Each structure stands twice: as C-alpha cells, then as structure tokens.
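Presented below is the structure to which this report refers.
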Amino acid sequence: MDSGWESLTLLFLAPLFFICMVLEYRLLRKQGASDYSLKELVCNFSLAGLHQGADLIATLLLMPFFLWLYQYRVFDITMTPFTVFAAFILQDFCYYWFHRASHNVHWLWASHVAHHSSDQMNFTTAFRQSLTYPISGMWLFWTPLMFLGYPPETVILVVALNLGFQFFVHTRIVGKLGWIEYLFNTPSHHRVHHARNPEYIDRNFAGVLIIWDKLFGTYVEEKNNVKIDYGIPHPINSWNPFTATFHQWKTLFSLAFSPNSTPLRTRFAYLFGPPKFSDDAMKWLTTNSSATTSSTQE
C-alpha cells in the first residue's frame, strides 16, 4: 500500500539511493566483480516503476475502505513523536509476519518472488518489486494499525519509511556491523535472506528490526565459510520484468485451475499452501510431459 506519502518519501531519499549505487558500482568494479549489468538495471527499475504505479492506483481504490475501517478504531490515538514511533515499531512487527507469510503462502509468494528472482545482490535489487502486491493482499497486513487507531496517512508514512530503510540492506559490500547486528536488520542478515543455500532458505524476514526473527525462531547468522548462492530454487533466467512479475502466477493458476480431476483440497493447497508444494508439482508435470512427448515421438 502506498500513496503520495510513500512517493514523496522515496523521492526525498532518491539522491542517497543514487549515491549508494554509484559507490557500490565503483567499489565492485575495482574488485573485478560483475554484479551490475545494463539488462539488470533496466529490469529492476522497470519493476520499481510498475510497482509504484500499481500501488498508487490500488491506494486510491482502497482508501474508502481504509477510512471506513478507521471509523471502527479501538482507540483515538493522538499523533505525537512517541505514538508515531510506536506505529513504526508496530508496522515493522506486521511487516515481519507479511514477509514470513510471503515465503510460506503461495498466493503471497507469487508476488514476492519477483524480489528474489535475481541471482545478484546489489542496491538495485531493492527495486525488484511486483505490481501484483495489491492483488495478493499486502495491504491487509497494515489494516490492524488502522483498526487500532492510527490514521491511514500515518500508516502509509511508516510503511514508506520501513521500505526506504530496506534499500540499504541489499548489498554485498558492507560487512558485519558489530552491536548493530543484535538489534537491526543489516546487509549481513539480509544476504542470508536472499540466499538459496539450503541452510539459509526462508530465514531473516526482518524489515528494520532483526529482533522479530530472534523472537520467533527464524534467525540465522551469516557464516564466513559459506559462499552465498543468490536467487530462487528454480531460476527464471530472464531480465524481462513481465516474466519476473507473472511467472509464478502462471504456475499457481496452471495448477489450481487445471482441467484435470485434481481434488479440491489439492487445488486449495496450490493456491495457499507452501510454494514448494506447487513448484515440485509443476516440475513433476513438466518432466513427465516431456517424457511422454519423447516416448510418443519414438
């Protein structure tokens, strides 16, 4: 969910984003690394633009619902520095559960996978967002704050600040940050999150505070002796932003609404079960379909 507040916040931070990307590029180039490419840059910025446009439209359409919900708020919260800070912490807590659910519920993963589908990890990776987040229901995770008593515009502001912070954890050039690692999400923590190494998959869901992962058992520390392999288990091998956006939705709908006699319970699992369940089913169908075709040709 976003609005003019989020756009203005990200616009305000844009010069800092640009400086960080230039510094990262220059440093990686000196090291002989090939993290940046023109195709990746175009794809990532295209995804960001599509995401921003879709979220702006969705917010305009959903605002009547947000205002209706706000009428039934539990408390009348006066906006002070303390209550806004509390909103930031509460939203970060909600973000943790949104992020965790996005890796465990196929309907949500169909949107979130775009963010993980690159095999690179640099500042531009932060811009890999999906235009389908409003469809998958990301905004639902912020509604408890409105029901609690926070005005929609305040919720939108803290969402924007949370997303702005997360830009800075998408990099390989920053090592571990001492005591900061105990409290905050850091590049080290987030590198683990973007890894497809078996010991790292589905860990470190933090937005700003890593304490949620430590409290709820999803924290794993980055190990110096493990080379991180970035990306998703089944790579898309494409820089096309529409492929990145819709490839998992294609898998989801192909399985859930296939014309065969799949039981209703299994179809429901394809929609809302773990992503791995659907990916394994699609892999099995693809493999067997290829085998059948090959056998027929023989």
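Quick caveat: nothing in here was measured; it's all calculated off a predicted structure.
Aromatic pair Phe123/Phe167: centroids less than 6.0 angstrom apart. Centroid-to-centroid, the aromatic rings of Phe277 and Tyr270 come within less than 6.0 Å. Aromatic ring centroids of Phe168 and Phe17 lie under 6.0 Å apart. Taking the ring centroids of Trp109 and His116, they lie under the 6.0 Å cut-off.
Taken to the nearest 0.5 Å, the CE atom of Met121 stands 7.5 Å off from the OG1 atom of Thr171. Atoms CG and CD, from Leu161 and Gln166 in turn, are 11.5 Å apart once rounded to the nearest 0.5 Å. Rounding to the nearest 0.5 Å gives a distance of 13.0 Å between CH2 of Trp212 and CG of Asn185. Between atom CG of residue Asn240 and atom SG of residue Cys43 there is a gap of 7.5 Å, rounded to the nearest 0.5 Å. Atom-to-atom distance recorded for His112:NE2 and Asn104:CG is 10.5 Å, nearest 0.5 angstrom. In this structure, CG on Leu69 lies 11.5 Å from CG on Leu62, to the nearest 0.5 angstrom.
At least one side-chain heavy atom of Arg267 sits under 4.5 Å from a side-chain heavy atom of Ser258. Residues Gln248 and Thr245 have side chains not in contact (no heavy-atom distance under 4.5 Å, counting atoms from C-beta outward). Using a 4.5 Å cut-off on side-chain heavy atoms (C-beta onward), Thr218 and Asn204 make no contact. The shortest distance between side-chain heavy atoms of Leu163 and Val159 falls below 4.5 Å. In this structure, Leu148 and Tyr150 have side chains that are in contact, with non-hydrogen atoms separated by less than 4.5 Å.
Residues Ser117 and Ala114 come closest through the heavy atom pair OG-O, 3.0 Å. Here the closest heavy-atom approach between residue Glu40 and residue Ser118 is recorded as OE2-OG, 3.7 Å. Of all heavy-atom pairs spanning Arg196 and Gly231, the tightest one is CB-O, 3.6 Å. Contact record, Val158 with Val84: CG1-O, 4.1 Å, taken as the closest heavy-atom pair.
The number of heavy-atom neighbours closer than 6.0 Å to NZ of Lys223, taken from other residues, nucleotides and ligands shown, is above 12. Atom CZ of Phe85 has 12 or fewer heavy atoms from other residues, nucleotides or ligands within 6.0 Å. Applying the 6.0 Å contact sphere to CZ of Phe65 captures more than 12 heavy atoms from other residues, nucleotides or ligands. Annotation for Tyr182: atom OH does not count as buried by contact number, only 12 or fewer foreign heavy atoms lying within 6.0 Å. Other residues, nucleotides and ligands contribute over 12 non-hydrogen atoms within 6.0 Å of the OH atom of Tyr36.
No continuous path of ILVMFWY side-chain contacts below 4.5 Å connects Leu61 to Leu50, so the two sit in separate hydrophobic clusters. Residues Met138 and Val113 do not share a hydrophobic cluster, clusters being chains of Ile/Leu/Val/Met/Phe/Trp/Tyr side chains in contact below 4.5 Å. In this structure, Leu23 is not a member of the same hydrophobic cluster as Ile173, with clusters built from ILVMFWY side-chain heavy atoms closer than 4.5 Å. Linking Ile, Leu, Val, Met, Phe, Trp and Tyr residues whenever their side-chain heavy atoms come within less than 4.5 Å places Phe66 and Phe141 in a single cluster. Ile57 and Leu47 are assigned to two separate hydrophobic clusters, defined by single-linkage of ILVMFWY side chains at heavy-atom distances under 4.5 Å.
Listed by first and then second residue, the ring pair (Phe, Tyr, Trp, His ring centres under 6.0 Å) pairs that reach into residues 214-248 are Tyr96-Phe216, Trp97-Phe216, His189-Tyr219, sequence neighbours excluded.
Within the 3.5 Å criterion, the main-chain N or O of Asp229 finds a donor-acceptor partner in the side chain of Asn197. A donor-acceptor pair is defined here as one N or O able to donate and one able to accept, closer than 3.5 Å; such a pair exists between the side chain of Ser254 and the backbone of Lys250.
Checked against His170 for a side-chain hydrogen bond (donor to acceptor under 3.5 Å, both in side chains), the options Gln120, His190, Arg191 give a single hit: His190. Each of Ser102, Ser130, Pro134 was scored for a side-chain contact (heavy atoms from CB on, under 4.5 Å) with Ser111, with one residue passing: Ser130.
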Could you walk me through whether Phe165 and Phe88 satisfy the side-chain contact (heavy atoms from CB on, under 4.5 Å) test, starting with their C-alpha distance in whole Å, then the side-chain angles of each, then the deciding distance to 0.1 Å, before giving a yes or no?
CA-CA 12 Å; Phe165 171 89; Phe88 183 82; 5.6 Å; no

Could you go through Tyr133 and His51, starting from their C-alpha distance and side-chain angles, then the distance that decides it, and tell me whether this counts as side-chain contact (heavy atoms from CB on, under 4.5 Å)?
CA-CA 8 Å; Tyr133 274 129; His51 164 72; 3.8 Å; yes

Determine, step by step, whether Glu181 and Lys176 satisfy the salt bridge (charged side-chain N to carboxylate O under 4.0 Å, His left out) criterion, reporting the C-alpha distance in whole Å, the side-chain angles of both residues, the deciding distance to 0.1 Å, and the verdict.
CA-CA 7 Å; Glu181 303 282 328; Lys176 294 190 177 183; over 6 Å; no

Test log, rule side-chain contact (heavy atoms from CB on, under 4.5 Å), inputs Phe268 and Phe272:
CA-CA 6 Å; Phe268 186 84; Phe272 303 109; 3.5 Å; yes

Let me see the working for Asp35 and Arg172 under salt bridge (charged side-chain N to carboxylate O under 4.0 Å, His left out), right down to the final yes or no.
CA-CA 9 Å; Asp35 294 51; Arg172 295 196 300 111; 2.7 Å; yes

Go through the steps for Ile180 and Leu183 under the test side-chain contact (heavy atoms from CB on, under 4.5 Å), then give the verdict.
CA-CA 6 Å; Ile180 294 174; Leu183 184 61; over 6 Å; no

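Contacts of Thr78 classified as side-chain hydrogen bond (donor to acceptor under 3.5 Å, both in side chains), with partners at least two apart in sequence or in another chain: none.
In the model, Gln129 has no side-chain atom that pairs as donor or acceptor with a side-chain atom of Asp55 under 3.5 Å.
Aromatic ring pairs are classed by plane angle as parallel below 30°, tilted from 30° to 60° and perpendicular above 60°; the pair His99 and His193 is perpendicular.
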